[in-house]
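Heads up, the thing below is written out as structure tokens.
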Amino acid sequence: MTLPLSPGAAKALALLRGAGYEAWIVGGCVRDALLGLAPKDYDLATSALPEQTKAVFAGRPVVETGLRHGTVTVLLEGEPLEITTYRVDGAYSDARHPDEVTFTGSLREDAARRDFTINAMAYAPGAGLQDFFGGREDLVRGMIRAVGTAEQRFREDALRILRALRFAAVLDFTLEGETDRAARACAPLLAGVSAERVSGELGKLLCGKAAGRVLREYPDVLGVVLPEILPMVGLDHRNAYHCYDVWTHTAVAVDHVPPELPLRLAMLLHDIGKPDTFSLGEDGQGHFYGHPRRSVELAEKILTRLRFPRRTRERVLTLVRYHDAVLEETPQRVRRWLNKLGPEAFFDLLAIQWGDASAQAPAYCTRLDHVRRLETMARQELAQAPCLTVRDLAVGGEDLLARGYRGPAVGEALRALLDQVLAGALPNEKTPLLQWLARRDAEKREKTELPKAPPRP
């Protein structure tokens, strides 16, 4: 068997082995290569102690990234490579990191400390694949299985629970029975995992090709880090527009938007305000008046708590705020939305409305045609290089200053002109715009200069 290696990884293996040490690529890069995917990076394991590893790469950039745990990072062929000495982990008193590690000369003992069988394989040219725990077979079976005792693995490092769900979503795998039971039993431990770690795994999970299925199957686990989702589970919409409960609708909708983090997050959170806004009408139909506003409030709280970047938060909140907006199929209204949100955010909103409609009752999926027509109309408008902002106007601030406008009056006049152009009432040409402005100002003066009517006797 031959697996592809990057130039840096191949050279590092050759140098370590040439110096008399064992050396292998390990973990995710082996898994991805066996799946036919291009590894994002390469990690190495070696029998060399950290100081011996540094000596092998003397004269090259070496960073002591985790010397206490036996890891150094070497820059080789322009590629950073993490190289770790075979080790056995001690107790995990913080449910995240081993308190201490013991170096070992055994690759098998090193592999036994890893999280899942599919991540516990090793490979080296000429030596082939080392697979002590059946990882290759689990890849074929589409199975996420813990190395050793699943509950022990999760109690050592609670983040592994989210990693299991993330791998299931990204690879479209399922959790093996014991691993599944242990993930649910140990889920409360996730409360002690840092926000940054949670958001990192959650983001990758949401962008996985099987994200919707994993969301449907594990709300009890995800609810530990996202307690706001739990009231959505099993909540019947009780109206003709929906064929799923609120949580299932959300999970299905996630699968129907592109795998981009802001879109997937917006889809996850777009209806999170429904449990707080449910009411039953006299007609027996369920209603959720004001749920977008409540969803924005909860989404902001969640995204801030999980420390998502500010730009991501703002983009998500905009989409949640307007996900239920009525978008009219007229060039004028489309131009106004393009002006309000900007082209990128407007097309994101259409993607969100597409996902939302795709997860409703089949009889109401006609909204999909509406979204398609809006997208076509928006692209046609943009192809004509429309005037969408005051910066696009054929009249600028200097033109108005030359005509006597000063201070806030300049901005007000430009906004008035833009409003006329967006409505299609005026072409974006300097002469018609200035003529309209002159007429408007003349009418204003007339109104203010009209003599007052004499008082009644």
Side-chain angles (χ1 to χ4, degrees), residues 203 206-207 250 253-254 256-274 288-304 308-360 367-394 396 411-412 414-426 428:
L206 286 173
C207 291
T250 296
V254 164
H256 282 85
V257 296
E260 300 171 19
L261 182 58
L263 296 181
R264 291 283 171 102
L265 278 171
M267 211 74 267
L268 175 71
L269 302 173
H270 78 288
D271 278 350
I272 203 163
K274 278 188 171 178
F288 301 90
Y289 299 120
H291 83 268
R293 182 173 61 254
R294 180 57 179 154
S295 293
V296 167
E297 293 170 355
L298 292 173
E300 185 169 20
K301 175 183 172 184
I302 291 166
L303 296 171
T304 302
F308 280 98
R310 180 181 58 81
R311 187 173 180 182
T312 299
R313 293 200 308 267
E314 291 174 353
R315 190 173 168 191
V316 171
L317 294 175
T318 295
L319 297 174
V320 173
R321 180 174 292 111
Y322 296 117
H323 80 269
D324 215 26
V326 177
L327 306 180
E328 298 174 22
E329 290 181 43
T330 68
Q332 294 88 347
R333 295 307 300 169
V334 167
R335 285 195 296 270
R336 288 197 179 279
W337 277 103
L338 288 168
N339 162 256
K340 185 182 184 73
L341 300 180
E344 182 182 7
F346 180 72
F347 287 115
D348 283 349
L349 178 59
L350 293 184
I352 292 298
Q353 293 207 340
W354 177 277
D356 197 10
S358 298
Q360 292 183 336
R367 282 182 59 201
L368 296 176
D369 293 329
H370 168 64
V371 174
R372 268 197 210 96
R373 290 191 296 270
L374 284 168
E375 181 176 358
T376 299
M377 189 173 290
R379 296 199 183 283
Q380 288 172 344
E381 288 295 318
L382 290 172
Q384 300 170 27
C387 174
L388 298 177
T389 69
V390 292
R391 291 189 300 274
D392 301 326
L393 284 168
E412 184 278 329
L414 290 172
R415 288 190 295 273
L417 290 174
L418 178 61
D419 192 61
Q420 292 295 309
V421 172
L422 289 172
L426 286 174
N428 186 28

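Please read all numbers here as calculations on a predicted model, not as lab measurements.
- Proximity of Cys207 to Glu260: side-chain heavy atoms (C-beta onward) are nowhere separated by under 4.5 Å.
- Sorted by first and then second residue, the ring pair (Phe, Tyr, Trp, His ring centres under 6.0 Å) pairs with a member in residues 310-344 read His270-His323, His291-His323, Tyr322-Trp337; sequence neighbours excluded.
- By the side-chain hydrogen bond (donor to acceptor under 3.5 Å, both in side chains) test, Arg379 is found to be paired with Glu375, residues two or more places apart in sequence or in another chain being considered.
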Walk me through it: do Lys274 and Asp271 pass the test side chain to side chain contact (heavy atoms under 4.5 Å, CB included)?
CA-CA 5 Å; Lys274 278 188 171 178; Asp271 278 350; 3.1 Å; yes
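- For the pair Pro258 and Leu263, the tightest heavy-atom approach, listed with the atom from each and the gap, is CD-CD1, 3.8 Å.
- In this view, Arg311 satisfies the salt bridge (charged side-chain N to carboxylate O under 4.0 Å, His left out) rule with no residue, not counting sequence neighbours.
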Could you please spell out the steps behind the side chain to side chain contact (heavy atoms under 4.5 Å, CB included) verdict for Leu261 and Phe308?
CA-CA 11 Å; Leu261 182 58; Phe308 280 98; 4.2 Å; yes
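- Contact between Ile352 and Ala266 at its shortest, heavy atoms only, is CD1-CB, 3.8 Å.
- Counting only heavy atoms from C-beta outward, the side chains of Leu265 and Val320 never approach each other to under 4.5 Å.
- Taking the side-chain contact (heavy atoms from CB on, under 4.5 Å) definition, one finds that Cys387 meets it with Asp392, Leu393, Leu418, Val421, Asn428, sequence neighbours left out.
- Here the closest heavy-atom approach between residue Leu388 and residue Pro343 is recorded as CD1-CG, 4.3 Å.
- Taken to the nearest 0.5 Å, the CG atom of Leu422 stands 9.0 Å off from the CG atom of Leu338.
- Shown here for Leu298 and Ile272, the closest heavy-atom pair between the two residues is CD1-O, 3.4 Å.
- The closest donor-acceptor contact from the side chain of Arg264 to the backbone of Leu206 lies under 3.5 Å.
- In this structure, the side-chain hydrogen bond (donor to acceptor under 3.5 Å, both in side chains) partners of Glu297, at least two apart in sequence or on a different chain, are Arg294.
- Atom CD of Glu300 is surrounded by 12 or fewer heavy atoms from other residues, nucleotides or ligands within 6.0 Å.
- Listed by chain and number, the residues in a side-chain hydrogen bond (donor to acceptor under 3.5 Å, both in side chains) with Arg415 amount to none (sequence neighbours excluded).
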Does the pair Val334 and Gln380 meet the rule for a side chain to side chain contact (heavy atoms under 4.5 Å, CB included), with working shown?
CA-CA 10 Å; Val334 167; Gln380 288 172 344; over 6 Å; no
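- Separation of atoms CD (Gln420) and CG (Leu417) is listed at 8.0 Å; rounding is to 0.5 Å.
- Not one N or O on the side chain of Gln353 forms a donor-acceptor pair closer than 3.5 Å with the backbone of Leu368.
- Taking the side chain as every heavy atom from C-beta outward, Arg372 and Trp354 approach each other to under 4.5 Å.
- Residues Leu350 and Leu327 come closest through the heavy atom pair CD2-CD1, 3.8 Å.
- Qualifying salt bridge (charged side-chain N to carboxylate O under 4.0 Å, His left out) partners for Arg313, counting only residues two or more places apart in sequence or in other chains: none.
- The salt bridge (charged side-chain N to carboxylate O under 4.0 Å, His left out) search around Asp348 returns Arg315, not counting sequence neighbours.
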Checking Leu303 against Thr312 for the side chain to side chain contact (heavy atoms under 4.5 Å, CB included) test, could you report, in this order, the C-alpha distance in whole Å, the side-chain angles of both residues, the deciding distance, and whether it holds?
CA-CA 9 Å; Leu303 296 171; Thr312 299; 5.8 Å; no
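- For Ala416, the side-chain contact (heavy atoms from CB on, under 4.5 Å) partners two or more places apart in sequence, or in a different chain, are Glu412, Trp436, Arg440.
- Salt bridge present: Asp419 and Arg336 bring a charged side-chain N and a carboxylate O closer than 4.0 Å.
- Of all heavy-atom pairs between Ser295 and Gly273, the closest is OG-N, 2.8 Å.
- Checked against side-chain contact (heavy atoms from CB on, under 4.5 Å), Arg321 has the following partners two or more places apart in sequence or in another chain: Val296, Thr318.
- Here Arg373 pairs with Glu329 under the side-chain hydrogen bond (donor to acceptor under 3.5 Å, both in side chains) rule; sequence neighbours left out.
- Not counting sequence neighbours, Gln384 has no partner by the side-chain contact (heavy atoms from CB on, under 4.5 Å) test.
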